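Have a look at the structure below, then the notes.
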Amino acid sequence: MTVHLLGPVEISADDGGPRLHRRKQRLLLALLAACANRVVPVERIIDVLWEDDPPPPTVRNQVHVHVGAVRRALTAATGDPGALETTATGYLLHSPPVVVDVREFEDAVAAGVRWQAAGQQSAASAAFAKALACWRGAPLVGLDGRYAAAEAARLRERWLFARERQTDIELALGRHAELLPVLAGLLEAHPLHEGFRRSYMIALYRCGRVADALAAYRDGWRLLTEELGIEPTAALRDVQQAILRGAPADRLAVPVWGTARPRQLPAEASPFVGRDEVLARMDAVTAADRDRVPVVLTGPAGVGKTAVCTRWAHRVRDRFPDGELYVDLRGSGPLPLDPAAVLARFLRALGMAPERVPADCAEAAAEYRSLLAPTRTLVVLDDAASAEQVRPLLPGTRSCQVLVTSRHDLAELEASDGAARIALPELSSAEAQALVTVLAAGGRAPVVLASLSGRRPVELRLAAARLSDRMVDGRGMERAAVVEPIRRSLP
């Protein structure tokens, strides 16, 4: 039994499957299926089902009625009344037993990218073909409203990504003659898509149709300049120039990005003690492998945000086989990094040639999202200045995990991007004493320092270092004579 979103929204089974005739019930089914294996809060359901209308006083009863209709339909198709679970805060669609075509599509795309990264081009092409076969038409046919429009647009972008990857691989395998009619049809449907046009030009050139290849470039140039007011990208211009130079056809290849696996995590803080509750909270909010939300770790200077973030990242790095990206955004300094500069750094780390990195921030962000979309990558954005600095660096899909640290609360990321915010407190008295004991190698003085330095790791490390120096030079001094100067020197 399958819930279809890649085409008309419906339930299919061996006997044809039950039908949901009411718009709100089909919209609810789409929302639950798109968020399969994740609790959808009742408030989110209300927002989606009553987007532009004020919810009626009986709105929760009406949600219950619509959920009941969807549950009956799923039960009739699967024979499992637990397929749609009621939780304390909302509802959760289990997959399995429910098969969701979007999940099958995403899994196949991810497999294609992994095969591609391993150099298995034929297997990658087959995986992308399997992904594209999940589509039965335009996504979410028959549904309107902001949610449906946004989800349909996201799914179309994913289709374009998979289609471009497959055509690029087929071209790399030398199947340019077979691709010509396919690419012509794709360009007819997507005339502004420069990736399809680039591949079409290469296929024409390899088939000996030089004039047609140059004509395809001129058509693209005219469309881009007249309709969008922009010039073709460097990648498209490079193909045109190579054709004009008469470059060997076998050297005119489509670049395949995204095969690099960056490993950029900095080393863990040593020693590291405590923080078990915060680490457990991070584990809990990142438990859903397929639908991860950004995690924002906030707190004052010196409280240990970077150390906790790095500790957690090293513990879970095996969950992110496609790599880790890390950047210090310098948000607490006078000159925070520009998102465009960070994107350029990340794109190069992901395998893009430096000369092909877009200078425009929006275009670079689009390339970045495309490269990360089918991957499981960990992105650590340390010391963020604002939500505006972070937002261009968020992947477009939730197969990746983003960790953000900041001295600011970044509430906008929670409101608009679904981030989970975790406030990092100072160390507990026991944790502070344990840290200083390790740093200062025991004795009574660490107990004093743990109480006078505010229980922030940076201050504790500084105090322990100064204590060590003074104890070496003044073993016979009274404790107050050793500790008081340190107290006065702390920030």
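Small disclaimer: the values here were computed from a predicted structure and weren't measured.
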Separation between [atom1] of [X] and [atom2] of [Y], rounded to the nearest 0.5 Å:
X: Asp101; Y: His4; atom1: CG; atom2: NE2; value: 6.0 Å
X: Met282; Y: Arg315; atom1: CE; atom2: CZ; value: 9.0 Å
X: Thr286; Y: Asp283; atom1: OG1; atom2: CG; value: 5.5 Å
X: Asp382; Y: Thr306; atom1: CG; atom2: OG1; value: 3.5 Å
X: Leu350; Y: Leu372; atom1: CG; atom2: CG; value: 5.5 Å
X: Leu160; Y: Arg165; atom1: CG; atom2: CZ; value: 13.5 Å

Which heavy-atom pair separates [X] from [Y] by the least distance, and what is that distance?
X: Leu5; Y: Ala30; value: CD2-CA, 3.7 Å
X: Pro395; Y: Val402; value: CD-CG2, 3.3 Å
X: His94; Y: Asn37; value: CA-OD1, 3.5 Å
X: Thr87; Y: Val39; value: OG1-CG1, 3.5 Å
X: Tyr200; Y: Leu187; value: CD2-CD1, 3.4 Å
X: Ala420; Y: Val293; value: CB-CG2, 4.2 Å

May I ask you to decide if [Y]'s main-chain N or O and [X]'s side chain share a donor-acceptor pair within less than 3.5 Å?
X: Asp417; Y: Ala419; answer: no
X: Ser406; Y: His408; answer: yes
X: Arg407; Y: Thr298; answer: no
X: Gln264; Y: Tyr326; answer: yes
X: Tyr368; Y: Leu393; answer: yes
X: Thr310; Y: Ala307; answer: no
X: Gln120; Y: Trp115; answer: no
X: Gln121; Y: Leu173; answer: no
X: Ser125; Y: Ser122; answer: no
X: Glu367; Y: Val357; answer: no

Given side chains that start at C-beta, do those of [X] and [Y] come closer than 4.5 Å, heavy atoms only?
X: Leu325; Y: Val380; result: no
X: Leu347; Y: Pro358; result: yes
X: Leu297; Y: Val278; result: yes
X: Trp312; Y: Val316; result: yes
X: Leu186; Y: Glu164; result: no
X: Ile11; Y: Met1; result: yes
X: Cys400; Y: Arg376; result: no
X: Leu378; Y: Leu403; result: yes

Give the intermediate values and the outcome of salt bridge (Lys or Arg N to Asp or Glu O under 4.0 Å) for residues Lys305 and Asp383.
CA-CA 9 Å; Lys305 299 181 294 296; Asp383 193 19; over 6 Å; no
Test: Arg158 cationic atom under 6.0 Å from Phe161 six-membered ring centre, within 45° of axis:
yes
[X] with [Y]: basic N within carboxylate O range, under 4.0 Å:
X: Arg23; Y: Asp144; answer: yes
X: Asp276; Y: Arg281; answer: no
X: Glu151; Y: Arg156; answer: no

Distance-only donor-acceptor pairs under 3.5 Å for side chains of residues 131-139, two or more places apart:
unit_1, atom_1, unit_2, atom_2, d
Arg136, NH1, Glu10, OE2, 3.2
Arg136, NH2, Glu10, OE2, 2.7

Kindly list each side-chain donor-acceptor pair under 3.5 angstrom involving residues 188-195, sequence neighbours excluded, with atom names and distances?
unit_1, atom_1, unit_2, atom_2, d
His193, ND1, Gly195, N, 3.2
His193, ND1, Phe196, N, 3.1
Glu194, OE1, Thr233, N, 2.8
Glu194, OE1, Thr233, OG1, 3.2

Applying salt bridge (charged side-chain N to carboxylate O under 4.0 Å, His left out) as the test, list every pair that has at least one member in residues 169-184; sequence neighbours left out.
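Matches after skipping sequence neighbours: Glu170-Arg175.
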Please assess Asp168 against Arg198 for the test salt bridge (Lys or Arg N to Asp or Glu O under 4.0 Å), listing each intermediate value before the final yes or no.
CA-CA 10 Å; Asp168 284 355; Arg198 181 193 62 212; 3.4 Å; yes
By side chain to side chain donor-acceptor pair (under 3.5 Å), which residues pair with Arg263, not counting sequence neighbours?
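Checked Arg263 against side chain to side chain donor-acceptor pair (under 3.5 Å); matches are Glu324.
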Taking only residues two or more places apart in sequence or in another chain, which ones pass side chain to side chain donor-acceptor pair (under 3.5 Å) with Glu104?
none
Table please: side-chain donor-acceptor pairs of residues 209-219 below 3.5 Å, with sequence neighbours left out.
unit_1, atom_1, unit_2, atom_2, d
Arg209, NE, Asp212, OD2, 2.9
Arg209, NH2, Asp212, OD2, 3.1

